[in-house]
2 protein chains.
Amino acid sequence: MTQSVPDIVVRRLPVYLQALLHIAETGQSTISSRELGKRLGASPAQIRKDLSYFGEFGRPGLGYDVGYLIRTLERILQLDQDWQVIIVGAGALGHALANYPGFGANRFHIVAVFDNDPARIGTTIGDLVIRSVDQLAQVACESRIDIAILAVPARAAQAVTDQVIACNVRAILNYAPITLTTPPGVHVTYIDPIARLQTMTYYL
Amino acid sequence: MTQSVPDIVVRRLPVYLQALLHIAETGQSTISSRELGKRLGASPAQIRKDLSYFGEFGRPGLGYDVGYLIRTLERILQLDQDWQVIIVGAGALGHALANYPGFGANRFHIVAVFDNDPARIGTTIGDLVIRSVDQLAQVACESRIDIAILAVPARAAQAVTDQVIACNVRAILNYAPITLTTPPGVHVTYIDPIARLQTMTYYL
DNA sequence: GTGTGTGAAACTGTTCACAGCT
DNA sequence: AGCTGTGAACAGTTTCACACAC
């Protein structure tokens, strides 16, 4: 049953979940691996195999119950609990992220935003007051922060990383175009549109 | 030599390039696969193998010439030419993208921004006037557009995709949290921070 | 009939280890 | 000595194909 799930499988589960939520909105209550795969551009076998790492959730002859599979995926991914998130960097990207309703809709709560620009410190984004990065250690260490989102320039990213790790943050979503050095046990995910475009140009 | 390069190798090349540009700034003129790998958290063998798909660029006993490798990677990825990019969706994310200097710094030129909100149409972002999506077909089909960046809500993403594909756009960077259906030959890359966070929570 | 779950097979990607070059 | 380039070995991932369940 559950034994060393490949990371690539875990990365696909949120995509399955997203599609299932759309399907649930249409009122469809059951879906086969073939139908879900067609929608996602994946093979039916891959979907069945991926899910089989976690248990048996389907009904032969019928497929998967959409609602049950949604709840199951949410439980597997630990999305049935709240997560505390901070954003470091309140430029255009930091603002867009802080205003993005998708986080709150998925139980990711932005609890603080930091910047080092005196002109921005003290201003607000919605309910949030932008704080000085000098306060990062105090604020973040005192409350349990699960995830840090880095929306700072590349030159500042490693220093911020070291600070949030010192505050026991073990997951970082990094928008700065630089590879971070982190100790084992810290999960870093990179989002870099330039790198993505540079991959696509290879094929054009 | 060059024969069916794995996609995953192509995805790593921009990361190598990014690191090499930082290294070049420090004045270092030569780097070994071991040193580059350490910086990126990759094995030396992987870097040598990846590069070997495209030719022989290193000097045994010395390593790689930083400047030469930069120019080589830029040529491989076709980054030695300009690319025309449009942004569809001028909300907070669309604004942040349109203002991001990283595109222009890498020869990706934002040539038009579209939205369907009358309150936004006609307003400007820097030099760019936000146009109606109704004009997308005219504007985009008349000039050669290489890449479309989608910063629209999920419910609008497929319709926009169909439109830009009709205008011969063959590369799409999609920020909407939905899997797009596209004909063969169209390259779609997804950026979805929620999906990334949902993967990290699995491990926390 | 349809459709899941899964071992086996096929395929893809990574690491090893060493010949050969500087 | 140090380091690349690469076939071979190894590890990981996907697909196949079929027993079994509805």
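Worth saying up front: this structure is predicted, and the values here are computed from it rather than measured. Here is how names work: the chains are called A, B, and so on, in the same order as the sequence lines, proteins then strands, and each is numbered from 1.
- When rounded to the nearest whole Å, the span between OH of A:Y16 and P of C:dT4 equals 13 Å.
- A donor atom on one side chain and an acceptor atom on the other are not found under 3.5 Å apart for B:D50 and B:Q46.
- Once you apply a 4.0 Å limit to the heavy atoms of chain B, the touched nucleotides of DNA chain D run 5' to 3' over D:dG2 to D:dA8.
- Remark: P of C:dG3 and NZ of A:K38 are 12 Å apart, rounded to the nearest angstrom.
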Please list each protein N or O that sits under 3.5 Å from an N or O in nucleotides 18-20 of chain C, with the distance.
none

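- One interatomic measurement links the two molecules: CZ of B:R12 to C1' of C:dG13, which rounds to 8 Å at whole-angstrom precision.
- Using bins of under 30°, 30° to 60° and over 60° for the plane-to-plane angle, the ring pair A:Y203/B:H187 lands in the parallel bin.
- The backbone N or O of B:G63 sits nowhere less than 3.5 Å from a side-chain atom of B:S32 that would complete a donor-acceptor pair.
- Salt-bridge formation is detected for the pair B:R11/B:D7: a Lys NZ or Arg NE/NH1/NH2 atom is positioned less than 4.0 Å from an Asp or Glu carboxylate oxygen.
- No donor-acceptor distance shorter than 3.5 angstrom exists from the side chain of B:H109 to the backbone of B:W83, with no hydrogens or angles considered.
- Comparing A:R59 and B:R34 along DNA chain D, the residue whose closest nucleotide (by nearest heavy atom) sits nearer the 5' end is B:R34.
- Note: CG (A:L36) to C1' (C:dG3) measures 14 Å, nearest angstrom.
- In this structure, A:K49 places its NZ atom 13 Å from P of C:dA9, rounding to the nearest Å.
- A side-chain donor-acceptor contact under 3.5 Å links B:R48 and B:S33.
- The separation between B:D50 atom CG and C:dT14 atom P is 7 Å, rounded to whole Å.
- Remark: side-chain polar atoms of B:Q163 are not paired, donor with acceptor, to backbone N or O of B:L136 under 3.5 angstrom.
- Comparing B:Y64 and A:I8 by the nucleotide of DNA chain D that holds the closest heavy atom to each, the one mapping nearer the 5' end is B:Y64.
- B:L150 pairs with exactly one of B:T161, B:L173, B:I178 by the side-chain contact (heavy atoms from CB on, under 4.5 Å) rule, that one being B:T161.
- One atom, CG of A:L51, and another, C1' of C:dT6, lie 13 Å apart when rounded to the nearest Å.
- Of the residues near DNA chain C, A:G63 and B:L62, the one whose nearest nucleotide (by heavy atom distance) lies more toward the 5' end is A:G63.
- Checking the phosphate oxygens (OP1, OP2) of C:dG3, no side-chain nitrogen or oxygen of A:S33 falls inside 4.0 Å.
- Side-chain atoms of A:D115 never come within 3.5 Å of backbone atoms of A:R120 as a donor-acceptor pair (strictly under, hydrogens ignored).
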